[in-house]
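Here is the structure we will look at.
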Amino acid sequence: MAKLVSLADGVAHLVHDGDVVALEGFTHLIPFAAGHEIIRQGRQDLTLVRMTPDVIYDQLIGAGCARRLVFSWGGNPGVGSLHRFRDAVQHAWPRPLELEEHSHAGMANRYVAGASGLPFAVLRGYTGTDLPRHTPNIRPITCPFTGETLTAVPALRPDVTVVHAQRADRNGNVQMWGITGVQKEAVLAAHRSLVTVEEIVDELAPVPGQVVLPGWAVTAVAEVPGGAHPSYAHGYSVRDNDFYRDWDAVSRHRDTFRAWLDEHVHKAGATT
Amino acid sequence: MAKLVSLADGVAHLVHDGDVVALEGFTHLIPFAAGHEIIRQGRQDLTLVRMTPDVIYDQLIGAGCARRLVFSWGGNPGVGSLHRFRDAVQHAWPRPLELEEHSHAGMANRYVAGASGLPFAVLRGYTGTDLPRHTPNIRPITCPFTGETLTAVPALRPDVTVVHAQRADRNGNVQMWGITGVQKEAVLAAHRSLVTVEEIVDELAPVPGQVVLPGWAVTAVAEVPGGAHPSYAHGYSVRDNDFYRDWDAVSRHRDTFRAWLDEHVHKAGATT
Amino acid sequence: MSQRSERGNAVADWTADEMMTVAAARQLRDDTACFVGIGLPSTAANLARTTHAPNLVLIYESGCLGAKPDRLPLSIGDGVLADTADAVVSVPEVFNYWLQPGRIDVGFLGAAQIDRYGNINTTVVGGDYDAPMVRLPGAGGAPEIAASCREVVVIVRQDLRTFTERVDFVTSVGYGAGPGDRERLGLRGGGPRVVITDLGVLEPDPLTCELTLTRLHPGVTREQARAATGWDLAVAEGLTTGEPPTAAELTVLRALEATKSDGRLP
Amino acid sequence: MSQRSERGNAVADWTADEMMTVAAARQLRDDTACFVGIGLPSTAANLARTTHAPNLVLIYESGCLGAKPDRLPLSIGDGVLADTADAVVSVPEVFNYWLQPGRIDVGFLGAAQIDRYGNINTTVVGGDYDAPMVRLPGAGGAPEIAASCREVVVIVRQDLRTFTERVDFVTSVGYGAGPGDRERLGLRGGGPRVVITDLGVLEPDPLTCELTLTRLHPGVTREQARAATGWDLAVAEGLTTGEPPTAAELTVLRALEATKSDGRLP
């Protein structure tokens, strides 16, 4: 059964310097509060994994937590580029950032392989693109029945995956719905997992479209209402599109970014 | 958009002699009525595919529709063996039955590969068993990253998959819930599909645990209330366990089986 | 299964099958996850959950995770399993995301034949594979349950037809041909930890992996057990006799069995 | 996007971007399934669905199949997509079960660079991959959309920076280095059928696969189009001029755009 913890304790115990860390959530249910707690606790040398390193990873990268990024699309959805991500790649600020770059289909299948206890996944992907030239983790594989050549990618096995969900019960059974992305796979692929939730309830009333993660498959659950903001939790909040639009200006320069970080992350303290 | 058809028309147009046919439904939602219609229309030389060829395939095999069976568990769940299946394998009655035998994990992944447009699937399976000696469709495959040997099975691509579901709307969007087994994969893996449903409704109200197959991914839908009996449709009926128990005696001898077939299938006529 | 056994303890008010089911249930620890086949495994797992292991997580291959049935399902796809599960997932998912990675503590299997090294046959008996004497249902989920669960518990009635020197077909691997074979094959689960029969309990010898009689049910002799085994059954030095079913265990077991006759609550 | 374009038809009351979006929407046929990226593709696809193609099936990589948003989502994961979808599936499923097998008729892509053969770059511009001049967001779903959809429609503003002889990085394959390359690579979708820009419409030459100017938007000259292209742009013999946006198209498009500013209905 998953342990119920505070966000600060969950991050302290489950996220270590040098870890491979996946924060997932596909536009919806992005664990921003947990990301901020990782920044506050000053984690270093992380390999950050995420299909869509959007604003949350822009913040972690700009705060200097990351050594390496494994990803498939790094932008501010509907707005434009990520300036902290760009600054790290183009000018190594605040430190160099190694990249391992994939496509969405490749990353999704890497999580599937991790969740499935397989060392690799097979897909029709990457063929003819320049990605395999720069990402050694993309290799050809031959079908033993047809002789056809397909593409293999290795399993992702994060040390820890962090996701946000709508609810959990007191046994740590987690319930999420709406766009559930790759969260189940990311949690099951990881050695440890931390789930922040809008609320902890006595009973998880079934909801259409729900994904339930049994408590025995989750390491820890922390109640963090609003923990996805400026992303959202379907049924609890709506996406703060203005925040995403404003982020473009906030993040464009190092000093405005640092001021934002001081005020909204460091001074804010743990949510719980 | 799926076409709305009668069961008789659906089977007439979509199931042909010699086809590879999958009737799926994991204990729940087994398309018995469609199987009976296939028998009534006298289909021959079918390659029948199904993870759990239970009573429905015992009937199809005993009626002489099948030339070949691709499967992973052929029994009467909770009751015992399938006598028509046994008689075909042990005594070639009413005609010889070729077998291609897998495990559940292998069959499930073969459907997944078929649904995914891949020629094969990879799993940890079959290792050390006698299955690969008798089933050439089980081959080793080497991970291009770790060098580990795993098992590959080829995709299943039935000519037609038949499943039963609770509801469809007038555009042929199909909704099922409860134990949904491998039905989505079986439908998506097939070239054509026929879905029988308890009822056709104007609007599919969302239900927890639902699987929705969009109408544009389904070939035809037929309204067949009770079309899963003696299996069941969660929310509409309960499993007729007595039928399964009684089947043991009915099917044990060729003449009692033939009498049952005459009375309950041939004389019964199409449900719709 | 409810008729009085002729070789169990004929005095006490329980049958050999009841003893077997109770002994199997006792093998299941609380707060573990158990992959349950239908029939005897399902009965024993539900008995455990209703007695000493209330947090036993029952996983059925139909995709029901954490099912808490209040009656015994006839099949692994009965509606009561979906209704009471923590989560219902697809069949591919239950095998790929839950069984294959080794998340399940205990795989609970039956057998038509079992051999000296705990290999199991549920496929064909006698003759050739293509022309068998008896065609059995086949593999189902068993090969991968036997390969991937952290350990396997087998429940099977003991007789010469079933306990055979060499199974006619290896459907599910126990210890293969002996020590080191599981590792050589790359099987990641631990293999059969215990075989529960209507006569007693067999466990693999730590050195030879050979199934060895370690416990007898009350009223059964080692000679009876050896006579019901198709190989020269080794007997552990510290052979013990197990505890008979408690009144509580019998009450719960019989109430569970009663729900099976019509699939409805009594 | 809402300011008046300086090179569109300055007299009529519509901008070059509006003309581009309308022209793109017109490419989408009713009763087809379209894999939609965010931004211009989403706007055009929703315009088509709201006008001539009410049964256009919109598929977003967030897992929303058959989304029918009544306002323009800012991201591909806005709640309105899940709320209005026929089905919401996982991200692995949308790629594996829906995109990869070739079920989707049209893939609708944007581009940061596009070359003579319709290859697309959204990864890096200038410098090396490891030390680029400009780091762009990267691949997302595009490589497999370009590979697997039955056909691809590209929507992109035409200028010298974007329309380049050779893309700096092939993120998504069009026709590779020319005829036969898609087949050689084993790509099963048909590739870019049409490229819609703010100046006109380009289509691959049936023989050479080279993007060729086949249509101009009203008020645009072939010289303007050629001057905005980084290679010697071929012009089709039957070059035509397209129809301006209808009043109905403009009304719907502007209503849709208005919903985007605050993510709420006007």
Side-chain angles (χ1 to χ4, degrees), chain A residues 25-28 51-52 54 71-82 85-86 89-90 99 101-109 111-112 123-131 133-134 148-150 177-185 209 211 231-232 234-235 238-239 241-242 244-245, chain D residues 38-39 42 60-64 73-79 81-83 87-88 90-96 99-100 119 121-124 127 129-144 146-148 169-173 176 181-182 185-188 260 262-264:
Chain A
F26 208 81
T27 306
H28 179 216
M51 291 183 65
T52 55
D54 41 25
F71 77 110
S72 40
W73 191 85
N76 184 347
V79 178
S81 285
L82 295 174
F85 164 58
R86 274 191 160 177
V89 174
Q90 296 174 199
L99 297 186
E101 187 161 3
H102 287 270
S103 68
H104 277 354
M107 283 290 282
N109 277 292
Y111 279 123
V112 168
L123 71 157
R124 298 185 185 278
Y126 300 98
T127 315
T129 75
D130 283 338
L131 284 162
R133 251 200 284 163
H134 301 282
E148 199 182 346
T149 302
L150 296 111
W177 65 90
I179 290 167
T180 54
V182 76
Q183 280 100 304
K184 178 189 272 192
E185 288 77 12
V211 165
S231 169
Y232 70 108
H234 209 121
V238 295
R239 193 168 187 270
N241 285 337
D242 288 338
Y244 283 90
R245 287 202 194 83
Chain D
I38 211 63
S42 179
Y60 288 84
E61 64 193 12
S62 53
C64 298
L74 183 68
S75 80
I76 46 79
D78 277 22
L81 298 175
D83 280 335
V88 181
S90 75
V91 164
E93 180 177 325
V94 78
F95 284 104
N96 290 349
L99 177 61
Q100 182 166 265
N119 303 299
N121 175 18
T122 54
T123 303
V124 285
Y129 173 77
D130 293 316
M133 300 261 291
V134 183
R135 173 67 228 194
L136 299 165
E144 287 77 23
S148 293
F169 188 102
V170 178
T171 311
S172 305
V173 179
D181 256 23
R182 288 188 71 88
L185 292 168
L187 305 177
R188 306 201 299 179
K260 209 166 63 173
D262 60 0
R264 283 177 285 274

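Here is how names work: the chains are called A, B, and so on, in the same order as the sequence lines, proteins then strands, and each is numbered from 1. Because the structure is predicted, anything quoted here is derived from the model rather than measured.
Contact of D:Val134 with chain A is made through backbone and side chain together, with heavy-atom distances under 4.5 Å. Of the two parts of D:Gln100, the backbone and the side chain both hold a non-hydrogen atom closer than 4.5 Å to a non-hydrogen atom of chain A. At a 4.5 Å heavy-atom cutoff, the contact between A:Met51 and chain D is made by side-chain atoms alone. For D:Arg188, the part sitting under 4.5 Å from any heavy atom of chain A is the side chain, from C-beta outward, and nothing else. Neither the backbone nor the side chain of D:Leu99 comes within contact range of chain A; no heavy atoms are under 4.5 Å apart. Contact of D:Glu93 with chain A is not made at all, since no heavy-atom distance falls under 4.5 Å. Of the two parts of A:Leu82, neither the backbone nor the side chain holds a non-hydrogen atom closer than 4.5 Å to a non-hydrogen atom of chain D.
Distance alone, capped at 3.5 Å, is enough to place a donor-acceptor pair between the A:Gln90 side chain and the D:Met133 backbone. Remark: side-chain polar atoms of D:Glu144 are paired, donor with acceptor, to backbone N or O of A:Tyr126 under 3.5 angstrom.
Side-chain N/O atoms of A:His234 and D:Asp83 include a donor and acceptor closer than 3.5 Å. Remark: the D:Thr123 side chain and the D:Tyr129 side chain contain no N/O donor-acceptor pair separated by less than 3.5 Å.
Annotation: maximal heavy-atom pairing with chain D below 4.5 Å, among A:Tyr111, A:Phe71, A:Tyr232, occurs at A:Tyr232. Considering only heavy-atom pairs separated by less than 4.5 Å from chain D, the leading option among A:Asp130, A:Thr127, A:Thr149, A:Leu150 is A:Asp130. Chosen from A:Gln183, A:Arg239, A:His28, the residue pairing most often with chain D at heavy-atom distances under 4.5 Å is A:Arg239. Among A:Gly125, A:Ser81, A:Gly78, A:Ser231, the residue making the largest number of heavy-atom pairs under 4.5 Å with chain D is A:Gly78. Annotation: maximal heavy-atom pairing with chain A below 4.5 Å, among D:Ala142, D:Ala146, D:Ser42, D:Gly140, occurs at D:Gly140. Top candidate by heavy-atom pairs under 4.5 Å with chain D, chosen from A:Gly128, A:Gly181, A:Gly178, is A:Gly181. Contacts with chain A were tallied for D:Leu187, D:Asn96, D:Thr122; D:Asn96 has the most, counting heavy-atom pairs under 4.5 Å. Options D:Ala82, D:Pro73, D:Pro92 differ in how many heavy-atom pairs under 4.5 Å they form with chain A, and the most are formed by D:Pro92.
Using a 4.5 Å cut-off on side-chain heavy atoms (C-beta onward), A:Val182 and A:Phe26 make no contact. Between D:Tyr60 and D:Asp78 the shortest side-chain heavy-atom distance does not fall below 4.5 Å. In this structure the side chain of A:His104 reaches within 4.5 angstrom of the side chain of A:Thr52, judged on heavy atoms. In this structure, the side chains of A:Thr27 and A:Ile179 stay at 4.5 Å or more apart for every pair of heavy atoms.
Partners of D:Asp181 under the side chain to side chain donor-acceptor pair (under 3.5 Å) rule, at least two apart in sequence or in another chain, are D:Arg184. For D:Ala139, the side chain to side chain contact (heavy atoms under 4.5 Å, CB included) partners two or more places apart in sequence, or in a different chain, are A:Ser103, A:Leu131, D:Pro143, D:Thr171.
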